[in-house]
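In what follows, a single structure is set out as structure tokens and then discussed.
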2 protein chains.
Amino acid sequence: MGVIKIPATIKDVAKYAGLSIATVSKYLNGGNVLEENRKKIEEAIRVLNFRVNELARGLKTNRTMTVGVLIPSLENIFFTSIISKIENILLQHGYSTIVCNYRENSTLEKIKLEFLVNKMVDGIIMVPHGGDISHIQEVRNKDIPVLLIDRMLKGVDCDVVMSDNLNAAYSAVEQLIMRGHRRIGIIGGPKNVYTTQERIKGYIRVHEDYAVDIDESLIKYGGYDIESGYRILEEFMEMANPPTSIFVTNYEMTLGAIMAINKNNIIMPDQVSLIGFDNIQLAKIVKPSLSIVVQPMDEIGETAARILLNRLNGDYGSFPSIHRLKTEILIRDSVKTLAH
Amino acid sequence: MGVIKIPATIKDVAKYAGLSIATVSKYLNGGNVLEENRKKIEEAIRVLNFRVNELARGLKTNRTMTVGVLIPSLENIFFTSIISKIENILLQHGYSTIVCNYRENSTLEKIKLEFLVNKMVDGIIMVPHGGDISHIQEVRNKDIPVLLIDRMLKGVDCDVVMSDNLNAAYSAVEQLIMRGHRRIGIIGGPKNVYTTQERIKGYIRVHEDYAVDIDESLIKYGGYDIESGYRILEEFMEMANPPTSIFVTNYEMTLGAIMAINKNNIIMPDQVSLIGFDNIQLAKIVKPSLSIVVQPMDEIGETAARILLNRLNGDYGSFPSIHRLKTEILIRDSVKTLAH
DNA sequence: AATATAAGGCTAAACGTTTCGCGATGGGAG
DNA sequence: CTCCCATCGCGAAACGTTTAGCCTTATATT
């Protein structure tokens with residue numbers, strides 16, 4: 001191994017510059033120092049390749065300059081795209097991003113949330129799993145700002161950044177109704193998950209607004225995973241009077257639905273039209289090209305990072321804030337217009 | 001906000017237990033203490049809800065219990081699947097995982113590597129971008145263990161965990177040759193990237209082993225991205241004597257190739273057979289079902305985490321070690337057997 | 001000339017752990 | 001009974017920063 005040099009400390013810098021530790025620390029933290037001293041300190045830092053020891057600084061300031069990010073999956077491009085944006089912005093502000101994946105497991109969610117707290121992260125951004133908020137309330141009781149993504153929780157005051165799920169569903173189903181569809185299936189997620197509830201509400205509201213009857217048997221709930229998308233697509237197609245179109249409300253279930261379509265040699269959109277959820281690459285891979293709801297992942301990530309940085313800087317204006325960001329509908333070849 | 005209680009320190013625990021700080025610290029670190037004292041300490045910890053302050057501990061031990069992970073993309077399921085495994089294993093050993101995404105940008109790679117060093121991570125796992133090793137050498141000079149994933153680098157001693165790229169390509173192309181293909185195109189990645197070099201070598205070697213002539217115009221180099229996969233697929237199909245099959249050597253370029261096939265209404269496998277790279281979900285989404293090389297992401301993640309933990313524990317047996325893990329070939333409907 | 005104010009450098013305590021080395025105690029061997 | 005050894009608790013220094021408050025010097029005001 002190469003020569004290992006013991007890193008210089010502020011004491012070395014002070015000694016080299018002929019100044020006190022306090023003066024160097026003052027300079028490091030933006031305080032006023034005489035021009036001649038500033039130059040001496042800067043040369044010392046350069047020559048000694050000094051870097052602040054963040055452990056020592058943290059012990060004094062009680063800050064780690066890290067943010068914990070807790071998500072249900074690292075194999076979900078929706079979440080990882082958001083994290084990508086968050087990590088980039090936080091790093092620009094000197095924060096590192098500790099990523100924890102709780103694998104859709106409530107117990108693991110609690111364990112890893114506590115892990116982040118024990119790691120003394122300055123703030124937490126998380127996609128909550130279900131409705132259990134006790135562990136999140138505990139974190140907030142420790143004065144650690146928590147920001148939720150994609151899902152809101154009742155009974156706990158947190159900033160939230162998410163898509164406008166209700167209007168996303170409303171717009172998607174509206175497109176189907178405008179194209180003559182009246183028997184529209186929807187594959188929702190777990191019933192206790194906020195996004196499921198909102199998307200179902202949008203589905204119902206657009207039916208009411210357009211005076212289209214709702215067949216309750218066309219509303220099914222999956223698990224936001226490939227398997228349930230597959231199974232429920234098959235269930236729909238096996239109905240005596242199947243839907244003419246299906247709206248699938250997350251990416252994984254969209255994957256499953258398409259697998260089922262392929263496996264059963266269902267002709268899309270002749271036998272059934274389909275609108276899925278994220279991502280834009282998938283839309284071009286599937287033939288015929290898939291219609292999808294596109295969520296604003298970049299905007300979600302940017303907004304989440306910006307708001308958490310405000311909280312970390314002590315800015316609690318407009319707390320708790322809820323940001324519902326617009327989605328976009330891409331109607332492609334997977335949706336057919338029905339004759340009257 | 002709820003009542004904020006100042007966290008208990010080791011002093012509080014010592015006071016409550018009627019013992020010294022040193023005795024409590026000894027207990028915390030697994031030292032021998034009298035049974036009666038152990039009980040007192042454990043009660044004190046429970047009653048006071050004491051948690052070790054990792055900043056103070058780190059200042060003393062010069063360890064942060066964090067590992068930095070530096071990857072080129074967070075929108076690539078290959079990398080994020082590996083990270084998922086790494087994060088889970090490291091957390092079980094008390095390490096947090098700081099994730100940095102350098103977005104395929106060499107300058108950002110250097111910046112974020114330095115960022116991780118400044119954050120005093122105990123070790124680094126990274127997917128290196130190109131052949132420039134100076135910044136990695138600097139990290140190793142600081143006695144921080146670095147483990148490379150997916151790509152090897154010449155001139156720097158690091159542990160490496162990756163797929164057996166040469167044999168992955170060999171086996172994939174072998175399947176094509178065995179099915180009668182003699183004009184086999186390959187879409188490689190950037191020329192200076194290790195995996196590209198290895199996969200091209202496998203392509204060449206299997207041609208030599210089966211005494212099949214190589215047409216150099218059938219070897220093209222993309223950028224490991226969707227655009228180049230798209231463009232090169234079109235280039236192949238516009239040739240006067242196009243290949244009867246194409247082997248695409250990474251996931252993104254496979255996406256691009258399929259988009260090009262869909263856009264140009266190319267009939268697969270009638271007009272061209274295709275073998276792509278990761279992921280298994282994509283294989284079932286595309287119709288006809290896609291043949292792919294499946295990389296052992298879980299195994300890569302597990303192996304990487306295990307080896308780095310060894311290095312972090314001071315175990316340098318077999319250093320530097322290179323682990324080439326086996327891939328798997330799934331031949332599905334996208335490959336046609338040619339008549340003689 | 002005297003007094004007040006401002007600027008900037010400095011000393012030393014503090015943050016919360018770890019750990020070295022000392023002292024006390026108890027048990028065993030000769 | 002004496003000596004030796006092992007065990008365990010303890011005091012205090014140290015890790016590398018930040019920062020309060022003191023001190024010195026220079027400038028401004030009366």
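Keep in mind the model is a prediction, meaning the values are calculated, not measured. Each chain gets a letter, A, B and so on, in the order the sequences are listed, and its residues count up from 1.
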Counting only non-hydrogen atoms, which of residues 21-30 of chain A are less than 4.0 Å from DNA chain C?
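The answer is A:Ala22, A:Thr23, A:Lys26.
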For B:Gly18 and B:Lys60, find the nucleotide of DNA chain D closest to each by heavy atoms; which residue's nucleotide sits nearer the 5' end?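 The answer here is B:Gly18.
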Nearest-nucleotide 5' precedence on DNA chain D, B:Leu59 against B:Leu19:
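With B:Leu59 and B:Leu19 compared, the 5'-side residue is B:Leu19.
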Taking side-chain hydrogen bond (donor to acceptor under 3.5 Å, both in side chains) as the definition, give me every residue that meets it alongside [X], ordered by chain and number, with sequence neighbours left out.
{"X": "B:Glu87", "answer": "A:Lys112"}
{"X": "B:Thr195", "answer": "B:Tyr224"}
{"X": "A:Arg63", "answer": "A:Tyr95"}
{"X": "B:Asp122", "answer": "B:Thr64"}

Assign [X] to base, sugar-phosphate, or nothing according to its heavy-atom contacts below 4.0 angstrom with the strands shown.
{"X": "B:Arg51", "result": "sugar-phosphate"}
{"X": "A:Asn62", "result": "nothing"}
{"X": "A:Leu34", "result": "sugar-phosphate"}
{"X": "A:Arg38", "result": "nothing"}

Figure out the [atom1]/[atom2] separation between [X] and [N], and round it to whole Å.
{"X": "B:Leu48", "N": "C:dT17", "atom1": "CG", "atom2": "P", "result": "12 Å"}
{"X": "A:Asn37", "N": "C:dA7", "atom1": "CG", "atom2": "P", "result": "17 Å"}
{"X": "A:Leu55", "N": "C:dT18", "atom1": "CG", "atom2": "C1'", "result": "14 Å"}
{"X": "A:Glu35", "N": "C:dG8", "atom1": "CD", "atom2": "C1'", "result": "14 Å"}
{"X": "A:Ile41", "N": "C:dG8", "atom1": "CD1", "atom2": "C1'", "result": "11 Å"}

### Task
Hey, could you give me the CE/CG distance between B:Met120 and B:Asn118, rounded to the nearest 0.5 Å?
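The CE atom of B:Met120 sits 9.5 Å away from the CG atom of B:Asn118.
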#### Entry: Counterpart residues, side chain to side chain contact (heavy atoms under 4.5 Å, CB included), relative to B:Asn192 (two or more places apart)
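Residues passing side chain to side chain contact (heavy atoms under 4.5 Å, CB included) with B:Asn192: B:Pro190.
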Holding to salt bridge (charged side-chain N to carboxylate O under 4.0 Å, His left out), I want the full list of residues that pass it with [X], two or more places apart in sequence or in another chain.
{"X": "A:Glu302", "result": "A:Lys85"}
{"X": "B:Glu114", "result": "A:Arg51"}
{"X": "B:Glu35", "result": "B:Arg38, B:Lys39"}

* Tell me, please, the opening and closing nucleotides of DNA chain D, 5' to 3', among those with an atom under 4.0 angstrom from a non-hydrogen atom of chain A. =>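 The contacted stretch runs from D:dG16 to D:dT19.
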Pairs meeting criterion salt bridge (charged side-chain N to carboxylate O under 4.0 Å, His left out) with involvement of residues 7-19 of chain A, two or more places apart
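Every pair satisfying salt bridge (charged side-chain N to carboxylate O under 4.0 Å, His left out) with a residue in residues 7-19 of chain A: there are none.
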Using the C1' atoms of five pairs at each end, what's the angle between the two axes of the helix from C:dA1-D:dT30 to C:dG30-D:dC1, to 10 degrees?
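Both end axes considered, the difference amounts to 40°.
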Side chains of A:Thr303 and A:His323: is there a donor and an acceptor less than 3.5 Å apart?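 Note: A:Thr303 and A:His323 side chains miss the donor-acceptor criterion.
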